[in-house]
Protein chains: 2
Amino acid sequence: MMEAIAPSTETTIDPVRVFRLLGDETRLRAAVLMHRHGELCVCELTDAIGVSQPKMSRHLGHLRDVGLVATRRSGQWVHYALRPDLPAWLGDALAALTGEPPFADDSTRLRSAMARHRDQCEQ
Amino acid sequence: MMEAIAPSTETTIDPVRVFRLLGDETRLRAAVLMHRHGELCVCELTDAIGVSQPKMSRHLGHLRDVGLVATRRSGQWVHYALRPDLPAWLGDALAALTGEPPFADDSTRLRSAMARHRDQCEQ
DNA sequence: TCAGTATATATGGATATACGCATACATGCC
DNA sequence: GGCATGTATGCGTATATCCATATATACTGA
């Protein structure tokens, strides 16, 4: 299947690739959190989802490699956000999952994490 | 993650499972064809997508095992269709992919396959 | 019953994927 | 520069996933 990164309204990523990427629990949960809350720091995602740091970093790396997320370093902290030009169907799907388990709980835990990290990984 | 089959408006299938399932090219292409054309016979899917019969059967089996499709045997022929009570976001995603490659080509080839199979695997 | 056809499943093998743990790399402060 | 902290990556291992090929199973008609 053809795969091209086109600088247009929507990023063209192989849909099979997208489905496969999000077919992992950690990655799907991270994607839903980013969709709902916007740009997030690795440490916040790690805490909210409750996985080890290397595991989260590795998974975020996968999302980055495929072009699903954009990153920004701020001192020691790296922030990840879904690219705004992703296909609409993907955004809609992530939005639809927001209120379901375990994504809703992740969101709650994220708010705690954000409060704890407030003065450290500033937004 | 909790997985339950609830006889309600929408089937509750673990979204991670869904994404993972559709993260395979053959299965995603089959799902899009079924979404667009409705109930299809294994032979039609096999021809349209251009894979071997055992391969198609295996993949359809995966979809069946998870509860994404319903099957109906008609003599020698087995028809598969997406369950109507799938989550809306999934239907929307499949619909959005319909006009893209390679799904559009699959659809064209399916029409030929349906014409060829008309008198055999009757609908 | 037997032969033909459609479909599902078994088998062995190759490849992909995920993980924990360790560590390399990046940044900031004293 | 040394130390602390956040993040990314290496490494070995276990498991999952996919495939081609062969064959079992199901159905039909003569």
Side-chain angles (χ1 to χ4, degrees), chain A residues 1 14 16-31 34 39-66 69-81 113-114 116-123, chain B residues 1 14 16-31 34 39-66 69-81 113-114 116-123:
Chain A
M1 289 180 77
D14 178 12
V16 174
R17 200 100 183 261
V18 174
F19 274 102
R20 177 168 300 217
L21 263 179
L22 299 181
D24 173 81
E25 183 174 348
T26 302
R27 293 200 289 271
L28 182 59
R29 289 164 75 177
M34 285 188 277
E39 190 184 63
L40 297 171
C41 150
V42 178
C43 57
E44 289 169 328
L45 287 166
T46 301
D47 283 359
I49 296 179
V51 295
S52 67
Q53 178 274 315
K55 183 173 175 175
M56 178 55 69
S57 188
R58 176 78 68 181
H59 282 301
L60 292 175
H62 286 304
L63 297 176
R64 185 184 62 237
D65 293 344
V66 172
V69 295
T71 65
R72 173 179 69 92
R73 180 175 274 273
S74 174
Q76 296 180 58
W77 293 275
V78 179
H79 301 87
Y80 282 72
M114 287 170 92
R116 282 200 302 280
H117 294 259
R118 173 112 305 147
D119 7 317
Q120 300 164 22
C121 60
E122 78 237 19
Q123 298 296 315
Chain B
M1 284 179 78
D14 178 12
V16 174
R17 199 98 182 260
V18 174
F19 274 104
R20 178 167 300 218
L21 262 179
L22 299 182
D24 172 82
E25 184 174 348
T26 302
R27 293 201 288 272
L28 182 60
R29 288 165 75 178
M34 286 187 278
E39 191 185 59
L40 297 171
C41 149
V42 177
C43 58
E44 290 170 325
L45 287 166
T46 301
D47 284 359
I49 297 180
V51 295
S52 68
Q53 178 275 316
K55 183 174 176 175
M56 177 55 69
S57 189
R58 175 75 66 183
H59 283 300
L60 292 175
H62 285 303
L63 297 176
R64 184 183 61 238
D65 292 344
V66 172
V69 295
T71 65
R72 172 178 71 91
R73 179 177 275 273
S74 173
Q76 295 182 57
W77 292 274
V78 180
H79 299 86
Y80 281 73
M114 287 168 93
R116 281 199 304 279
H117 293 261
R118 172 111 306 147
D119 7 316
Q120 299 164 23
C121 60
E122 78 236 22
Q123 298 297 315

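To find a chain, count down the sequence lines: A is the first, B the second, and so on, and within it residues start at 1.
- Distance, A:His79 NE2 to D:dA8 C1': 16 Å, rounded to whole Å.
- OP1 or OP2 of C:dA8 has at least one side-chain nitrogen or oxygen of B:Tyr80 nearer than 4.0 Å.
- Distances were taken from every side-chain heavy atom of A:Arg20 (C-beta onward) to each of C:dT7, C:dA18, C:dA16; the shortest belongs to C:dA16.
- Here B:Ser57 reaches the OP1 or OP2 of C:dA8: one of its side-chain N or O atoms lies under 4.0 Å away.
- Whole-Å rounding puts the A:Ile49 CD1 to C:dA18 P distance at 14 Å.
- With hydrogens and angles ignored, no donor-acceptor pair under 3.5 angstrom links the side chain of B:Arg58 to the base of D:dA20.
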Report, one pair per line, the protein and nucleotides 26-29 of chain C atoms (nitrogen or oxygen only) whose separation is under 3.5 Å.
none

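- Between A:Leu45 and A:Val42 the shortest side-chain heavy-atom distance does not fall below 4.5 Å.
- If you check C:dC19, D:dC19, C:dT7 against the side chain of B:His59, the one that comes closest is D:dC19.
- Taking the side chain as every heavy atom from C-beta outward, A:Val66 and A:Arg20 never approach each other to under 4.5 Å.
- Residue A:Arg72 contributes atom CZ, which lies 12 Å from atom P of D:dT7 at whole-angstrom precision.
- Among B:Glu25, B:Arg64, B:Arg27, B:Arg29, the one residue that satisfies the side chain to side chain donor-acceptor pair (under 3.5 Å) test with B:His59 is B:Arg27.
- The CZ atom of A:Phe19 sits 19 Å away from the C1' atom of D:dC18 (whole-angstrom rounding).
- DNA chain D is contacted by both B:Thr26 and A:Pro54; A:Pro54 maps to the nucleotide lying nearer its 5′ end (nearest heavy atom per residue).
- Following rounding to the nearest Å, A:Leu60 (CG) and D:dG6 (C1') show an atom-to-atom distance of 13 Å.
- At whole-Å resolution of the value, CE in B:Met56 and C1' in C:dT9 are 16 Å apart.
- Remark: the backbone N or O of B:Leu60 is not paired with any side-chain donor or acceptor of B:Arg58 at under 3.5 angstrom.
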Go through the steps for B:His62 and B:Asp24 under the test side chain to side chain contact (heavy atoms under 4.5 Å, CB included), then give the verdict.
CA-CA 11 Å; B:His62 285 303; B:Asp24 172 82; over 6 Å; no
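- Applying the ring pair (Phe, Tyr, Trp, His ring centres under 6.0 Å) criterion to A:Tyr80, with sequence neighbours excluded, gives no partner residue.
- Judged by distance alone, with hydrogens and angles left aside, A:Gln53 brings a side-chain donor or acceptor within reach of the base of D:dA8, the pair sitting under 3.5 Å.
- Rounded to whole angstrom, the span from the CG atom of B:Leu21 across to the P atom of D:dA16 amounts to 15 Å.
- Nearest to the side chain of B:Cys41, among D:dA8, C:dA8, C:dT7, sits C:dT7.
- Atom-to-atom, NE2 of A:His62 to C1' of C:dA18 comes out at 8 Å; the value is rounded to the nearest Å.
- Distance SG/B:Cys43 to NE2/B:His79: 7.0 Å, rounded to 0.5 Å.
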